[in-house]
There are 2 protein chains.
Amino acid sequence: METVKLDTLDQKLLTALQTDCRQTTKMLSLKLNLSTTAVHERIKKLEKSGVIAGYVAIVDQVRVDKNFVVFCHIKLQQHKQALLTGFEQAVSLLPEVLECYHVSGDYDYILKIAVRDMEAYRKFLVEKLTTIDYIASTHSIFKINEVKRSHVLAF
Amino acid sequence: METVKLDTLDQKLLTALQTDCRQTTKMLSLKLNLSTTAVHERIKKLEKSGVIAGYVAIVDQVRVDKNFVVFCHIKLQQHKQALLTGFEQAVSLLPEVLECYHVSGDYDYILKIAVRDMEAYRKFLVEKLTTIDYIASTHSIFKINEVKRSHVLAF
DNA sequence: AAAATTAATAGAATATTTTTCTGTTAATTT
DNA sequence: AAATTAACAGAAAAATATTCTATTAATTTT
């Protein structure tokens, strides 16, 4: 049971909570035409089944001076299992790396990195990222503008 | 005043809330060695200054059957202002598109898209994305594995 | 199809948490 | 050094979440 069945009310609830999880059960109950108890129990159920993985605060990258975003494409020298997991563990430990995906295509990994500015990125690249073993090449693509960033999985 | 000055306590608070925003002020006050009032006032200040942009529920992509993630690189035919904003508005309206960035390099935009499976992606591509005007080319890169996905901007 | 069981819901009571209030201390400015 | 402002703590009040009890709807079993 990897996936979970969701009725329309669950979907509405998830959309609402993905947009703003600080809404009171009262507010949600009005939106869904349910009692606060029903809303509460549905939320608890979604938490227990793992559909809701957690609740987080969204921080403005500009105000905390972390608005220099880079997509870094990485090729590895070899593709042995041990090597991949070694790379993946090392990358996961870097706080500047917000996201890392193993992908299909011309390169092996896509990383999303957020730092202060170009100089901070240079330091990160030279002193942290490229010290990881077996990287064949890196290719940096710089964010010019953020058009859309959403956390809402629609149904 | 685009950026906001943050002391060590603010930074600790933000790290904690970016990890789990459902922690009670009591829990946070113990972690920061502060009173609940002090924690509360700091949070309100961070909200008002826009450092905290919001609070959202994180939904498990696997359980809601939206775990087919694609990075789509897009080139436009021209680069006139009106054309860019037209494209950006159209893309922003698509719920499958979680993220869209205008970027430097060989192509103009990077999109992150989450759908059910390859067939859903094909439909999205043919029926939605490529109906937008002035797209010169698209190039899809498929997620093989998610190594890291974090919402925590570290200090 | 009827009875039994389970799941979902509502309203009220309780527990918890947030928010406000008052006063105090620390830091900054004049 | 005095005055002002900002940050903080403890207690009180307000709001919210959670639990409890009962009812209804849906499903399963006989």
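Note on naming: letters A, B, ... go to the chains in the order of the sequence lines (proteins, then strands), and numbering restarts at 1 for each one.
Applying the 4.0 Å criterion to OP1 and OP2 of dA7(D), one finds that K45(B) has a side-chain N or O inside that range.
dA6(D) atom P lies 15 Å from atom CG of D7(B), rounded to whole Å. Distance, E41(B) CD to dT5(D) P: 17 Å, rounded to whole Å. A straight line from NZ of K44(B) to C1' of dT17(C) spans 12 Å, rounded to a whole angstrom. Spacing between atom CZ of R42(A) and atom P of dA8(C) amounts to 7 Å, rounded to whole angstrom units. Whole-Å rounding puts the Y55(A) OH to dA17(D) P distance at 11 Å. One atom, CG of D10(A), and another, C1' of dT9(C), lie 14 Å apart when rounded to the nearest Å. Atom CG of L9(B) is separated from atom C1' of dA27(C) by 15 Å (rounded to the nearest Å). Spacing between atom NZ of K5(A) and atom P of dA8(C) amounts to 13 Å, rounded to whole angstrom units.
By the 4.5 Å heavy-atom criterion applied to side chains, L98(B) and L153(A) are counted as neighbours.
Considering CG of L111(B) and CG of L94(B), their distance stands at 8.0 Å, rounded to 0.5 Å.
A search for side chain to side chain donor-acceptor pair (under 3.5 Å) contacts involving K26(A) returns nothing, not counting sequence neighbours.
Remark: dT30(C) base-pairs with dA1(D); criterion is Watson-Crick or G-U wobble with both hydrogen-bond distances under 3.5 Å.
Listed for the S104(A) side chain is a donor-acceptor partner under 3.5 Å among the backbone atoms of F142(B).
The ring of F71(B) has its center no closer than 6.0 angstrom to the ring center of F71(A).
In summary, R122(A) and E119(A) engage in a salt bridge, as defined by a charged side-chain N under 4.0 Å from a carboxylate O.
A heavy-atom distance below 4.0 Å to DNA chain D is reached by these residues of residues 12-40 of chain A, ordered by number: T24(A), T25(A), T37(A), H40(A).
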